[in-house]
Amino acid sequence: MEDQKVIDLVKELVNRLLSQSQTPNPNQPISTNPNSSIDSTQFNHALRYAIRILSSRMTPSIASDEAAMAESIKRQLVTQGKSSEALTFADLYSKFASKTGPGSINNKWAVLYLLRVVSEDRKLANKQPNSTVSRGLPAIFDSQLSDNSRVSNDKEVGWSGGVLMVSKDPDNMRDIAFREFANLLKEESEVSEEVLVRDVLYACQGIDGTYVKFDEIIDGYALYDSIKVPRATRIMVQKLCELGWLFRKVKGYISESMDRFPAKDVGTVGQAFCAALQDELTEYYKLLAVLEAQAMNPIPLVPETVTSGNYLSLRRLSVWFAEPVVKMRLMAVLVDICKVLRGGAMAGAIHMHAQHGDPLVHDFMKRLLRRVCSPLFEMVRSWVLEGELEDVFSEFFVVGQPVKAESLWREGYRLHPGMLPSFISPSLAQRILRTGKSINFLRVCCEDRGWADAATEAAAAAGTTTGRGGLGYGETDALELLVDEAAKRIDKHLLDVIYNRYKFKDHCLAIKQYLLLGQGDFVQYLMDIVGPELSEPANTISTFKLAGLLETAIRSSNAQYDDRDILDRLRVKMMPHNTGDRGWDVFSLEYDARVPLDTVFTESVMSRYLRIFNFLWKLRRVEHALISAWKTMKPNCITSRSFIKLQQAVKVKLLSTLRQCQVLWDEMNHFVSNLQYYIMFEVLEVSWSTLSNEMEAAKDLDDLLAAHEKYLHSIVEKSLLGERSQGLYDTLFVLFDLILRFRSLADRLYEGIYEVQARSTDDKKKLSRQLSSRSTEPGSWVSEGRKALTQHATKFLSSMSQELDDIGKKYSSLLTGFISELPVQQHIDLKFLLFRLDFTEFYSQSRPNT
Amino acid sequence: MDSEAARNSKESLDLAFEMSNILDTGLDRHTISILIALSDLGFNPEALAALVKELPTFYSSSSSSSTVSSS
């Protein structure tokens with residue numbers, strides 16, 4: 001039916017056109033044939049011809065774009081100078097194009113094209129009757145052709161796309177041209193492009209194709225040199241196979257890691273990296289699958305067969321590969337870097353490469369990093385919230401080692417800077433370390449379970465849960481927030497536990513009271529009681545007895561009101577002694593700080609306390625000695641009563657000796673009491689108040705440790721126990737020894753005086769008795785006794801005074817030496833000591849060079 | 001429906017005729033209608049244009065050849 005209609009239409013058309021030719025045409029010779037009817041054979045000829053033309057060209061040679069067609073027609077009209085007609089045409093076209101629906105023309109473009117071509121033909125026919133032109137690019141051809149026609153009218157040869165026309169047949173010229181081109185192409189290459197494309201696709205999956213194989217020498221995929229292909233194709237194939245080389249590298253790394261995994265050489269981060277790479281490769285495989293499907297379609301060489309579906313040529317392939325090549329290159333670079341790294345270092349290195357401006361690269365790296373860092377973030381989370389360190393492959397930047405409970409805080413855990421990824425700052429890492437350490441400390445040393453609540457609170461406050469997941473790369477802020485919250489709460493909890501449950505402050509105060517001799521009355525009693533014991537040689541003293549004496553001292557002083565727990569920890573310690581040591585040298589007190597407080601009061605700390613105790617104890621002893629010497633030196637009736645019986649000289653000597661003794665005692669007392677004051681108040685109390693303030697302000701155990709360290713250090717430095725004050729310290733001890741000698745000397749002196757006194761009293765008594773018995777006898781015998789007494793007294797006194805002199809001189813020289821060295825000390829507080837000691841500048845005046 | 005279709009087609013034809021007049025194709029209304037029908041059916045407009053160009057000359061050449069052959 002349709003065909004019949006078509007035939008009818010064609011017949012009609014032929015009829016009309018033929019009859020049209022009968023109409024008078026100015027360029028044609030006026031036909032003398034008047035017949036208006038058409039011959040049937042001619043009609044049949046014409047009909048057959050028409051049908052042949054119609055069936056030969058099935059597709060137009062230019063793209064069907066209606067609007068473009070209308071535009072070009074308009075332009076044509078304008079260039080021909082008919083602009084008003086162009087406007088009319090535009091108007092008509094717009095109306096024409098708006099006609100849609102039943103009864104309208106569907107193929108409007110075809111109509112426009114048709115009209116245009118016909119009008120051009122007419123123009124050409126009017127200008128040049130004998131033109132043999134084939135259509136193709138009408139716009140350009142018009143002007144060219146009109147020029148040519150003007151130049152030479154008889155030329156038979158026309159233009160047609162640069163390909164020589166071999167046959168005069170106008171219809172098939174283009175077909176012939178394309179066939180020639182195809183033949184040329186086929187001659188050039190042995191291998192068809194489709195085969196090459198398929199080979200390239202194989203190469204991009206790491207498989208050798210028929211013609212494209214992996215060449216070990218050049219380390220890449222290439223076509224064999226023996227295959228004849230045009231150079232352009234060869235180069236293009238090589239470029240495309242770069243993707244194959246990259247793919248091989250990445251896949252090689254993945255399979256290598258998978259092989260090494262059982263040997264525990266690849267950590268969790270490495271595994272995550274491989275998994276992420278494999279995901280990317282899956283995407284890549286999907287793309288390759290689509291491309292392979294397309295590669296099945298034959299590549300058309302002639303434009304007429306363009307509707308054969310999406311085909312794949314080498315050029316199209318290079319366009320498709322543009323994006324995958326970028327991604328694959330990135331992956332290959334990362335693979336190169338991560339070959340030797342692991343754990344946090346790997347994550348850090350990959351992070352450095354993610355600092356890229358290109359959004360494609362940025363997104364890709366972000367995706368990759370999310371996967372890679374998830375084991376790390378998981379480790380951080382479990383460390384910070386639970387104190388668990390599950391790190392089989394040692395990839396975490398917190399390293400733990402098994403230690404005793406008391407050194408858990410200081411040495412149990414530390415940072416491993418090599419494994420610290422670069423997106424976690426060192427201060428954040430410190431906080432992370434401290435938080436986990438605190439949880440472990442609480443769990444192990446304090447046997448406390450309350451931290452779990454603190455941890456859940458922290459997690460809730462930070463918006464994540466204590467379960468797995470929840471944090472990923474790119475959320476470093478969230479991680480910081482979580483760590484901060486956890487650190488805050490757990491630190492507070494830890495300090496609460498230390499202060500309240502373990503009464504850290506009380507213990508610290510107790511140490512100060514007892515070890516640093518803060519509890520004055522207790523120390524006094526102790527010294528009174530223990531003093532005589534300690535004068536014995538060291539190896540005869542029993543610790544048990546001393547412990548009993550300690551207990552007595554405690555009970556008789558205010559110390560008895562202290563907490564029983566604290567008092568229990570105080571005990572006597574005898575240091576290891578050599579022969580010849582007295583008790584004084586080896587006696588010391590000890591405070592037993594148990595877990596967890598021994599984190600603060602470690603062995604070394606306690607030994608420092610011990611040193612300070614020894615020094616203070618010696619100082620106290622000297623003070624005690626001087627005070628007891630004063631007790632004997634108090635002026636009393638025995639000494640102040642004038643010795644009637646003694647000669648004047650002796651009396652004078654006695655008085656001067658006594659005076660000497662007093663003066664020396666005064667000096668020594670002045671020195672000792674000022675030193676004592678300085679140590680007690682300016683060193684100990686000041687440091688203690690600083691420590692108290694810092695303890696209030698401490699936010700975590702590290703702060704507390706630092707504060708205590710500072711406290712001890714300042715005490716040691718200021719009381720001349722530091723290394724720099726070694727010389728002074730020695731001088732001080734010599735001075736102490738001198739003072740003790742003086743004390744014994746003073747004792748002896750007064751003993752002697754009492755003895756003399758007693759003897760003289762005795763004599764007096766005897767005398768009085770004798771006088772009472774023989775009152776008249778003159779005292780020649782008495783005078784004899786008196787003389788002996790005087791002699792004895794004189795001898796005794798002179799020796800005493802000499803010794804006193806001796807001591808006095810030594811003492812002065814040492815003291816001046818000591819004082820002269822004080823200003824050059826580093827510590828500023830020692831200047832206060834100097835000021836007190838040399839208040840009246842007595843000593844500095846006595847020095848010759850000041 | 002039909003009237004609308006008929007109106008549409010008539011108007012389209014008029015427009016096409018006027019456009020062809022502007023372009024000076026020398027085609028009359030009836031021929032244009034046939035050509036439109038054929039192109040709507042799917043024939044290549046290039047082929048139709050070739051027909052329009054060749055047929056009149058074909059007749060003259062064939063008529064001359066036929067007169068030659070006839071004589």
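Just so it is clear: chains get the letters A, B, ... in the order the sequence lines come, proteins before strands, and each one is counted from 1. Treat the numbers as computed from the prediction; the structure is a model and nothing was measured.
Here the closest non-hydrogen pair linking A:Ala110 and B:Pro45 is O-CB, 3.6 Å. Summarising the geometry of B:Ile34 relative to A:Glu12, their closest heavy-atom pair is CD1-CG, 3.1 Å, with the distance given to 0.1 Å. Looking at every heavy atom in both residues, B:Ser12 comes nearest to A:Phe96 through O-CE1, 3.9 Å. Closest heavy-atom contact between A:Leu114 and B:Ala49: CD1-N, 3.7 Å. Shortest non-hydrogen contact noted between A:Leu115 and B:Thr25 is O-CG2, 3.3 Å. Shortest non-hydrogen contact noted between A:Phe89 and B:Leu23 is CE1-CD1, 4.4 Å.
Atoms OG1 and CD1, from A:Thr88 and B:Ile22 in turn, are 5.0 Å apart once rounded to the nearest 0.5 Å. Summarising the geometry, atom OG belonging to A:Ser119 is positioned 12.0 Å from atom CE belonging to B:Met19; distances are rounded to the nearest 0.5 Å. Atom CG of B:Asn21 sits about 10.0 Å away from atom CD of A:Glu85, to the nearest 0.5 Å.
When B:Asp14, B:Leu15, B:Leu48 are compared by the number of non-hydrogen pairs under 4.5 Å with chain A, B:Leu15 comes out ahead.
You'll find the side chain of A:Leu9 reaches within 4.5 Å of the side chain of B:Leu41, heavy atoms only.
B:Asp24 pairs by the side-chain contact (heavy atoms from CB on, under 4.5 Å) definition with A:Arg122, not counting sequence neighbours.
At a 4.5 Å heavy-atom cutoff, the contact between A:Leu13 and chain B is made by backbone and side-chain atoms alike.
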